[in-house]
Amino acid sequence: MPGSTPPPGLVVAPEVAEALATGAPVVALESTLISHGLPRPYNREVAVRIEDEVRAAGAVPATIAVVDGVPRIGLDAAALDVIATSDAVAKVSVRDLAIVAARGGHGATTVASTAHLAARAGIALFATGGLGGVHRGASRTWDESADLPVLARTPITVVCAGVKSILDVAATLERMETLGVAVVGYGTSRFPAFYRPDSGFDLEWRCDTPEEVAAVMASRAALGTEDTALVVANPVREEEALPQEMHDRVLGEGLDLAAKTDVRGKDVTPFLLAYFHQATAGASLEVNVDLVLANAALAARIAAARAAGA
Ligand code: PSU
Ligand code: MN
């Protein structure tokens, strides 16, 4: 919001504060994908490439994380170093934020906590890889990402490549419907599945240009429905996606291994992503990076269209 001051407790990088004050386009970026989703030392380089992608598409990047107990909106090089390389960085969802802040700790923010902090700072657009959702076997384990209930109560537009195919996609779509989280396909009428462009499930709504998404955002504000997230599901390009056969095989192996090794709680998603990276000899890593870069660029183009009053 032009001219607004961020609430106390957050430190907003000067470049981001300036952009917010003047109504220039800003895109929030999460940090769990850097600390827990990508292998070191490559993760540090990718974090910078994501920010560069946002800039190239005409917006100011604001990577969000907690460093020395301070939630930061926009990271300098030293803060990015901590998030990308320190073993003391916790994966922080909304419920953990205040605890890590009070202890002066470091935290990488998930989709949930990034959305929360971005909205608090007055940022409307956020880009990530894939949302968390309902895990397979959730009727037994109760494992549903906190991303979903938080998106249900947070005024943000999130650009992502759908939800990770490691999840129960059908159940995740049902939960988004129940929670009132809006979903539009970007250039597609099928819900994407992170490593693959098509989860096999139809979407009711699609947008084909940044201007169309910006118009939906404006309409949400006019109708008072902007307090619940809008998900813009941007499929990975088929030529960049993981081949279907490789995807299905590695997913099956990874799920078996996760069940056997009794991984649980917030370790499940990082475990499965790491398994993919290792079992595909880096092919899934390349897909993951490609889709995050594409989402960052699209979020920036939507932010720019919105700032231009489209
Ligand atoms: N997208 C990626 N890599 C990731 C994530 C998203 O390309 O690591 C992270 C996000 O931070 C998301 C989290 O919030 O995975 C979901 O974790 P969980 O299932 O424990 O809620
Ligand atoms: Mn979980």
Side-chain angles (χ1 to χ4, degrees), residues 28-40 42-43 46-47 49-50 53 63-66 83-84 89-97 107-118 126-152 154 156 158-169 171-172 175-176 181 192-196 229 231 233-236 240-242 254-255 258 262-277 284-296 299:
L29 300 165
E30 62 140 311
S31 46
T32 289
L33 82 87
I34 302 166
S35 63
H36 291 72
L38 300 171
R40 300 177 198 169
Y42 183 49
N43 60 345
V46 174
R49 279 173 63 197
I50 301 170
E53 202 68 22
T63 304
I64 294 181
V66 182
I83 296 304
V89 176
K91 176 178 167 185
V92 167
S93 191
V94 173
R95 67 172 188 163
D96 313 303
L97 272 174
T109 51
T110 62
V111 167
S113 50
T114 306
H116 173 80
L117 292 172
F126 163 31
T128 182
L131 303 182
V134 181
H135 284 261
R136 293 162 193 247
S139 61
R140 187 177 29 83
T141 63
W142 294 74
D143 189 355
E144 174 184 358
S145 176
D147 290 354
L148 295 185
V150 171
L151 290 178
T154 306
I156 197 87
V158 190
V159 180
C160 62
V163 296
K164 301 180 193 78
S165 47
I166 59 174
L167 300 171
D168 182 335
V169 179
T172 302
R175 286 290 290 150
M176 289 200 280
V181 175
F194 196 66
Y195 296 130
R196 298 283 316 152
V231 171
N234 183 32
V236 68
E240 287 174 342
L242 213 55
L255 291 169
D262 204 24
V263 207
R264 47 179 87 215
K266 66 187 191 182
D267 296 333
V268 173
T269 297
F271 175 89
L272 288 169
L273 293 179
Y275 182 79
F276 258 92
H277 298 339
S284 70
L285 180 56
E286 208 175 307
V287 179
N288 196 345
V289 172
D290 285 345
L291 65 85
V292 174
L293 294 175
N295 294 341

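In this chain, numbering begins with 1 at the start of the sequence shown. Just so it is clear, the structure is predicted and the values come from calculations on it, not from any experiment. When a ligand or atom number is given, it counts from 1 through the structure's own listing order.
Per-residue contacts place Thr128 under 4.0 angstrom from the following atoms of ligand 1 (heavy atoms of the residue considered): 1 (N), 6 (C).
For ligand 1, the polar-atom distance check finds an N/O of Glu30 within less than 3.5 Å of one of the ligand's N/O atoms. For ligand 1, the polar-atom distance check finds no N/O of Gly132 at less than 3.5 Å from any of the ligand's N/O atoms. Distances between N or O atoms of Thr109 and those of ligand 1 include no value under 3.5 Å.
Side chain of Lys91 to backbone of His36: no donor-acceptor contact under 3.5 angstrom is found. Put simply, the side chain of Asn295 never gets that close to the backbone of Ala127: no donor and acceptor are under 3.5 Å apart.
From the protein, the heavy atom lying nearest to atom 13 (C) of ligand 1 is Lys164 NZ, 4.0 Å. The nearest protein atom to atom 19 (O) of ligand 1, hydrogens excluded, is given as Thr269 OG1, 2.7 Å; this is a heavy-atom distance.
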Can you list the steps and then say if Leu273 with Lys164 is a side-chain contact (heavy atoms from CB on, under 4.5 Å)?
CA-CA 9 Å; Leu273 293 179; Lys164 301 180 193 78; 3.9 Å; yes
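Residues Leu151 and Leu131 meet the side-chain proximity criterion, which asks for heavy atoms closer than 4.5 Å. Residues Val134 and Leu148 are in side-chain contact: their nearest non-hydrogen atoms beyond the backbone lie under 4.5 Å apart.
Distance check for Asp143 against the Mn ion (ligand 2): an N/O/S atom falls below 2.8 Å.
Only the side chain of Asn288 comes within contact range of ligand 1, with a heavy atom under 4.0 Å; no backbone atom does.
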